[in-house]
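First comes the structure, then the notes that go with it.
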Amino acid sequence: MRFHSWILSFLLSFLYFSPLEAVWAEPAGGPSLVQEMADIKRMVAAMESHMEVLKSTVRAQNEIIERQNYRIEVFEKKQTSLSLQAATTQQTPPLSTAKANAGFNPDIGVVGTVQAKLTQNKSDEEGNNSIALKEFEVNLGQVVDPYSRFDATLTFNDALEEQNVEVEEAYYTRWGLPLGFTGQIGKFRADIGKANLLHAHALPTADYPLVIQNFFGEEGLASSGLRLKNNIPNPWDLPIEVSGEILRGNNGSSFAGVSRRPIFNTHLKTFFEPSADTNLELGWTTMFGTVNPSLTIDAGDGTTTEWTRPEGTDKYGVKLYGGDATFNWFLPEGKQVTWQNEIYFQNRSDSADSTNATPWGLYSLIEYKLSPRFKPGVRFDYVNPLEVSGQQGTTSVSPYLIFWQSEYADVKLQYSHTVYAGGEKTDNAAFFVVDFMAGNHKHAVQ
Amino acid sequence: MHTKKASIAFALVLSFLSVFSGVLFGAEKLNVVATTTTLASIAREVAQDKIRIEAIASPKQNIHHYAPTPKDVFRVKRADVFIHEGLDLEAWRQPLLDAAGNPRFLGEEKYSIDVSRGILLLEIPTTLSRAEGDIHAFGNPHYIGDPENAKIIASNIADGLANVDPENAAFYQKNASDFNGRLDAKIKDWETRMAGFQGAPVVTYHRSWSYFVKRFGLSVVGEVEPKPGIPPTAKHLAVLMQQIKDKKAKVIIKEYFEENRTPKKIAEETGVRVVNLSQAVGEPENAKDYLSLMGQNISLLEGALGEQKGGVL
């Protein structure tokens, strides 16, 4: 008991005389203890806050690691399962082979285009007042080897009197030819201006411009052949791309329609960026082909006559020249104005009294993407057609609106007012088009 | 006679091409093309004057929907190295490579630097269906929004360039290390500044800020798009505005190229702030490099959240 009293006295004396007194005492002119305690509390609070951040970061990292581990586990299980299958079914390995080969299979995508059309023309002519599956495209494409790939578009349609299937494009591309050329062989859309390169669903309008329809066919010109293209080096560091094509002559309404009479086509294009928000693409097309020995001549009164050149076909009797200009203006918030123009002239040696030796035509299209969903536009067409000579050409105005439900589905509305060559016939038509796509679908860079 | 003339003309064309190829595509510097301005900026930090770098996509446009131009084809065709973000961020990447037909990027991986290697990906889908919108098969590709990932990107670029140009390997590695050091200091500063907003509820326009908000501890309570890449509908906006009110979201984060009309409408209804951030160097124009870009993002967000928090910016 006496011992405990002695210890207690000693501690009390220590506290009384110790430097702690100095801590408790407020030094003259220094911060008060309360102030210091408040500072310490703030520091602790800040450290706690940092600690929470760190804990949250660690938790997040753990979550990610757990998920990645789970994925690795699943992947390893699949691999093990595949290995076991391969090991246990060596005699019949189709499942594992199929899985292994899946990566080498072509990418597949589909695009559907359904078009409803109301026309002023009340005749029962195909295409008037109808709804039809205009196209159902199946797109295939895959790298063939380190030097080449293939792309194909098979089109099914219900738009004609009978359903049919067409190979719209199927071509093989070989990169890295001498001097940097790229070669393509197969059936492809001819490198003519801008619109002809696009598949129907990629057009902003419900139909191809009239000059394209009249000179190359309702769906433009696609033909079997060979294409070489390259960029031309130049001292101005400008992108100047040239392509040359030899096409089978059985397609394109301006030409012979005879396979052994080829069409020669070259396209030259360049590109400028006048400012950070604008660009301008200019192109020039030159084509030579054989004239069609047999012509259907529209007399203008609803009757037609067949006319055949007495001297047969004229090799390179069709010379076609064209220019294209596309201006893009990129505005804030993803808005965009596009102004696209194409003009084509022909010089033909097959003119007769009722045919046109110098048909020509153009279109001018301007559109404004005003939001992620809506893009209104208008296309003006003029064509002095192949079939009619010496009269005023066909003129058409087509305002349209595109509505995107998503990147993969859109609706197009279009009205077209057309005054046909001669000015006697007019037509008003309304189009309602639905495009939908699924799978792997990528457009080639134009 | 004609054959002789044709041969002379062919020889002249060959000479012309050879001469200009040599002049224009001189071998003293590597011609590097990056798919985005941000990658180009980081590559510039790593390689400095050893490369001639060009970016493809405009920083003012949505990276998913960029349409490559003939100039881009020209750039890729003559490039020695192609730097890209991998995954499926640049949906136009393969068509561009196909159009350019530069064999370096088609058969060999050596010259094509995928900077996504080593990145921990978020939002990897367990099932693939377009019913979920424009989802990305490999995971969310907007990883560049997390500055920690920029360090991985810089290291990947240094490794890739060192592989192509081993003589300057040490130079690239040192620069990447310096860049990562500067980035570390900045990250510390940005995290300190954002520490006061831990768990702050925010809304994003597109699912392009997942990495950013995770890094800085924000909480996403909704998106303006009902599903990735799907434009907003009236029904979705009504639900979103209720969520904003219920969860007291403070800010809508959008990018400059995304439309303003819908976020403004939401702001008017709910009092939430709309703030434009960017992941592309050059948008806005004074975001000259990755550090200044992210610095501006932090300042703008700090200001917007701070204003809501204290009522005074």
Side-chain angles (χ1 to χ4, degrees), chain A residues 46 49-50 52-53 56-57 60-61 64-65 67-68 71 143 145-147 149 151 173-177 179-182 229-235 237-241 269-273 276-277 279 281 328 330 332-335 371-373 404-408 438 442-446, chain B residues 14 16-21 23-25 58 60-62 64-65 67-75 77-78 91-92 94-96 98-103 106-108 120-122 124 130 133-134 191-192 194-196 198-199 214-215 217 227 229-232 256-261 282:
Chain A
S49 171
H50 278 295
E52 283 307 310
V53 175
S56 143
T57 307
Q61 293 292 338
I64 292 170
I65 290 166
R67 288 175 57 188
Q68 301 278 0
R71 290 183 62 78
V143 169
D145 61 24
Y147 317 104
R149 65 172 285 125
D151 293 276
T173 302
R174 173 63 161 85
W175 303 295
L177 295 175
L179 293 172
F181 277 92
T182 294
K229 61 181 178 182
N230 204 351
N231 278 96
I232 302 176
N234 61 84
D237 207 18
L238 269 178
I240 303 176
E241 187 187 286
K269 74 176 173 192
T270 188
F271 180 83
F272 305 92
E273 287 176 325
D277 299 322
N279 66 44
E281 184 182 322
N328 286 302
F330 300 96
E333 301 176 50
K335 295 173 183 172
S371 78
R373 279 197 187 278
W404 281 279
Q405 178 176 278
S406 72
E407 197 182 331
Y408 309 99
K442 287 175 181 165
H443 291 138
V445 175
Q446 283 195 37
Chain B
L14 278 182
F16 174 84
L17 292 174
S18 308
V19 167
F20 277 113
S21 297
V23 170
L24 292 174
F25 316 140
S58 162
K60 295 174 188 293
Q61 293 179 46
N62 186 334
H64 294 317
H65 301 147
T69 66
K71 190 169 187 176
D72 300 326
V73 173
F74 183 56
R75 285 167 168 159
K77 193 172 180 70
R78 68 182 184 182
W92 40 269
Q94 195 55 49
L96 173 64
D98 291 342
N102 186 332
L106 298 165
E108 292 190 55
L120 283 175
L121 297 172
L122 302 178
I124 300 167
R130 289 288 173 222
D134 191 8
E191 284 182 340
T192 306
M194 294 298 291
Q198 288 303 298
K214 200 167 187 71
R215 169 61 46 204
K227 290 187 173 174
I230 305 295
Y256 289 87
F257 57 75
E258 286 157 347
E259 52 97 15
N260 279 325
R261 200 175 65 89

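Values below: all heavy atoms of this structure, side chains included; hydrogens, waters and symmetry mates excluded. First the proteins, then the strands, lettered A, B, ... as listed; each starts at 1.
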Item checked: Heavy-atom pair count under 4.5 Å with chain B, highest-scoring of A:T270, A:L238, A:I240 -> A:L238
Next item on the list: Would you give the length of the straight line joining atom OG1 of A:T173 to atom NZ of A:K229, rounded to the nearest 0.5 angstrom?
Entry: 7.5 Å
Check: In terms of heavy-atom proximity below 4.5 Å to chain A, should B:N62 be classed as side chain, backbone, both, or neither?
Finding: neither
Notebook entry, point to check: Measuring heavy-atom distances to chain B, does A:Q405 have an atom under 4.5 Å in its side chain, in its backbone, in both, or in neither?
Noted result: backbone
Check: If you tally heavy-atom pairs under 4.5 Å against chain A, which of B:L96, B:T192, B:D134 wins?
Finding: B:D134
Next item on the list: Mind checking the CD-NZ spacing from A:E241 to B:K71? Nearest 0.5 Å is all I need.
Entry: 15.0 Å
Item checked: Residues A:K335 and B:E259 bridged, charged N to O under 4.0 Å -> no
Next item on the list: State the CD1-CZ distance between B:I230 and B:R130, to the nearest 0.5 angstrom.
Entry: 9.0 Å
Item checked: Any donor-acceptor N/O pair, A:N231 side chain to B:K77 backbone, under 3.5 Å -> no
Check: What part of B:K60 is in contact with chain A, defined as an atom under 4.5 angstrom from a non-hydrogen atom: side chain, backbone, both or neither?
Finding: side chain
Check: Where on A:D145 is there a heavy atom nearer than 4.5 Å to chain B: the side chain, the backbone, both, or neither?
Finding: neither
Note to self: Going by the rule side chain to side chain donor-acceptor pair (under 3.5 Å), which residues pair with A:R149 if we only count those two or more places apart in sequence or in a different chain?
What the structure shows: A:D151, B:D98
Check: Who wins among A:E281, A:E333, A:R174, A:E273 for the most heavy-atom pairs under 4.5 Å with chain B?
Finding: A:E333
Item checked: Portion of B:H64 that has a non-hydrogen atom of chain A nearer than 4.5 angstrom -> neither
